[in-house]
Amino acid sequence: MGYTVSEAFNWTPHPVLEIPSDEVIQEREWDVDDVINYHRIYHEAIKNEKEDPYRHGFQLKHWDLVHESLCIASEVHIYGGNRSGKSEVCARLVVEAGMNNPESVIWCFQTTNDNSIQMQQKYIYKYLPAELKQGNIKSKTAYISYSQKNGFSDNKLVLPNGSEIIFRNYAQDISTIEGGEVGSMTPLQGNPKIHNIGVWADELIPQDFLNTLRFRLVTRDAKMLVSFTAIEGYSPVVKEMITGAKTLLDKEADLIPGYRVPIIQQPKRGDSRIVY
């Protein structure tokens, strides 16, 4: 039994990159050399993404909705199911903000310290530039020490430009965040995809923490990300946000024909957005 042109090559499956079918190869009028060249570029892209997702990672199309919302609102809530990309987009935004906005202070919150290590710190580490993951980094301005088991040393990392990413949790006393300032005083201007992020609050953020963090954003005009997965219903914070919210963008549900679901909502609180 013979192989088609495409089947004659070994392709590593990828959720974004296209493995060309014979029909596509014929439509593009590729010869064998063209397929060999595409095969090389295809697998180089996968290798580069794995080694340095900060520079070569793929950004999903619906992440643009988060960028657009951050350009309008200071507080963006991202709601979705497991593996919908919430942690990926938030971690990337945090690292990009820290790398591009000098002397940023960015607080990342989770329910407990263990959850912080497993559900936030590993994603932040993933999106660090490759050169910042070559062993422990200790200099006058930078300090990065990470292990898969324990996360970042002292629940903190300091980037070469003086930016600090600090990991906290809701089990801590709320007084530890009162009076602090987050974000950068001199954020990068002109790039619509680099935001002045001050807080990433993941999962079940208590209402009193949210209220306090809102005040911490003001002095540096910083932004807050709140990500949430409704595993056991929704929290009081989510209830506050969705009650009376106006749908700005919707689409037909994939599994329920004729039923439309919201994609972007405007809560009653004016300086905020919800992205599903």
Asks: Can you give each donor-acceptor pair under 3.5 Å made by side-chain atoms of residues 204-214, sequence neighbours left out, with the distance rounded to 0.1 Å?
Replies:
residue: Gln207; atom: NE2; partner: Asn211; partner atom: OD1; Å: 3.1
residue: Asn211; atom: OD1; partner: Arg214; partner atom: NH1; Å: 3.4
residue: Asn211; atom: ND2; partner: Gln207; partner atom: O; Å: 3.3
residue: Thr212; atom: OG1; partner: Asp208; partner atom: O; Å: 3.0
residue: Arg214; atom: NE; partner: Glu75; partner atom: OE1; Å: 2.8
residue: Arg214; atom: NH2; partner: Glu75; partner atom: OE2; Å: 3.0

Asks: For Glu181, does its backbone N or O pair with a side-chain atom of Arg216 as donor and acceptor, under 3.5 Å?
Replies: no

Asks: How about Trp63 and Arg92: do any of their side-chain heavy atoms sit closer than 4.5 Å?
Replies: yes

Asks: Show the nearest heavy-atom pair for residues Pro102 and Thr186, with the distance to one decimal.
Replies: CD-O, 3.3 Å

Asks: With no hydrogens and no angle check, is any side-chain donor or acceptor of Asn196 less than 3.5 Å from a backbone partner on Arg220?
Replies: yes

Asks: Rounded to the nearest 0.5 Å, how far does OH of Tyr276 lie from NE2 of His62?
Replies: 14.5 Å

Asks: Hey, does the side chain of Asn161 reach the backbone of Gly98 with a donor-acceptor pair shorter than 3.5 angstrom?
Replies: yes

Asks: Would you call Glu88 and Lys126 a salt bridge, using N to O less than 4.0 angstrom?
Replies: yes

Asks: Take atom CD of Glu29 as the centre, draw a 6.0 Å sphere, and report whether it contains more than 12 heavy atoms from other residues, nucleotides or ligands.
Replies: no

Asks: Evaluate side chain to side chain contact (heavy atoms under 4.5 Å, CB included) for His67 paired with Leu93, printing each intermediate quantity in order.
Replies: CA-CA 9 Å; His67 286 296; Leu93 284 164; 3.4 Å; yes

Asks: By side chain to side chain contact (heavy atoms under 4.5 Å, CB included), which residues pair with Ile137, not counting sequence neighbours?
Replies: Leu132, Ala142, Ile144

Asks: Can you see whether Tyr170 engages Glu203 through a side-chain donor-acceptor pair at a distance of less than 3.5 angstrom?
Replies: no

Asks: Determine, stepwise, if the pair Ile194 / Asn101 fulfils side chain to side chain contact (heavy atoms under 4.5 Å, CB included).
Replies: CA-CA 8 Å; Ile194 303 297; Asn101 300 325; 4.1 Å; yes

Asks: Taking Lys223 for the side chain and Ala73 for the main chain, is one N or O donor matched with an acceptor at less than 3.5 Å?
Replies: yes

Asks: Are more than 12 heavy atoms from other residues, nucleotides or ligands located less than 6.0 Å from atom CZ of Phe58?
Replies: yes

Asks: Would a 4.5 Å heavy-atom cut-off, applied to side chains only, mark Tyr54 and Val95 as touching?
Replies: yes

Asks: Please tell me whether Asp202 and Gln110 have a donor and an acceptor in their side chains that are separated by less than 3.5 angstrom.
Replies: yes

Asks: Is any side-chain heavy atom of Leu65 less than 4.5 Å from a side-chain heavy atom of Ile263?
Replies: yes

Asks: Going by the angle between their ring planes, with limits at 30° and 60°, are Trp11 and Phe9 parallel, tilted or perpendicular?
Replies: tilted

Asks: Does any non-hydrogen side-chain atom of Glu252 lie less than 4.5 Å from one of Pro257?
Replies: yes

Asks: Within the side chain of Ser116, is there an N or O that forms a donor-acceptor pair under 3.5 Å with the backbone of Thr112?
Replies: no

Asks: Going by atom types alone, do Gln121 and Tyr146 pair a side-chain donor with an acceptor below 3.5 Å?
Replies: no

Asks: Is there a side-chain contact between Leu128 and Leu157 in this structure, where contact means two heavy atoms from C-beta onward sitting under 4.5 Å apart?
Replies: yes

Asks: Quick one: side chain to side chain contact (heavy atoms under 4.5 Å, CB included) partners of Asn37, sequence neighbours excluded?
Replies: Arg40, Ile41

Asks: Crowded around Glu103 CD? As in, over 12 foreign heavy atoms under 6.0 Å?
Replies: no

Asks: Counting only heavy atoms not in Lys133 (residues, nucleotides, ligands), do more than 12 fall under 6.0 Å from its NZ?
Replies: yes

Asks: We want to know whether Glu96 and His195 form a side-chain donor-acceptor pair, criterion being a heavy-atom distance below 3.5 angstrom.
Replies: no

Asks: For residues Asn115 and Asn169, determine if any side-chain heavy atom of one lies less than 4.5 Å from a side-chain heavy atom of the other.
Replies: no

Asks: Got a second to check how far Met99's CE is from Ile165's CD1, nearest 0.5 Å?
Replies: 9.5 Å

Asks: For Glu23, what residues pass the salt bridge (Lys or Arg N to Asp or Glu O under 4.0 Å) criterion, not counting sequence neighbours?
Replies: none

Asks: Without swapping roles, check the side chain of Asp34 against the backbone of Asp31 for a donor-acceptor pair under 3.5 Å.
Replies: yes

Asks: Just to verify, which of Tyr125, Trp107, Phe152 counts as forming a ring-ring contact (aromatic ring centres under 6.0 Å, His included) with Phe167?
Replies: Phe152

Asks: Restricting to non-hydrogen atoms, name the atom on Ser227 and the atom on Lys86 that form the minimum distance, rounded to 0.1 Å.
Replies: CB-CB, 4.3 Å

Asks: Assess the residue pair Cys90 and Tyr127 against the criterion (side chain to side chain contact (heavy atoms under 4.5 Å, CB included)); give the C-alpha distance rounded to whole Å, side-chain angles, the decisive distance to 0.1 Å, and a yes or no.
Replies: CA-CA 10 Å; Cys90 289; Tyr127 280 104; over 6 Å; no

Asks: Backbone N or O of Ser163 within a donor-acceptor pair of the Ser104 side chain at under 3.5 Å?
Replies: no

Asks: Rest of the hydrophobic cluster containing Val158 (Ile/Leu/Val/Met/Phe/Trp/Tyr, side-chain heavy atoms under 4.5 Å)?
Replies: Tyr143

Asks: A side-chain contact here means heavy atoms from C-beta on lying under 4.5 Å apart; do Phe228 and Ile78 qualify?
Replies: no

Asks: Please assess Leu17 against Ile46 for the test side chain to side chain contact (heavy atoms under 4.5 Å, CB included), listing each intermediate value before the final yes or no.
Replies: CA-CA 9 Å; Leu17 296 173; Ile46 293 176; 3.7 Å; yes

Asks: Applying salt bridge (Lys or Arg N to Asp or Glu O under 4.0 Å), can you list everything that pairs with Arg55, at least two apart in sequence or on another chain?
Replies: Asp52, Glu131

Asks: Apply salt bridge (Lys or Arg N to Asp or Glu O under 4.0 Å) to residues Lys50 and Glu44 and explain how you reach the verdict.
Replies: CA-CA 10 Å; Lys50 183 176 181 180; Glu44 281 181 355; over 6 Å; no

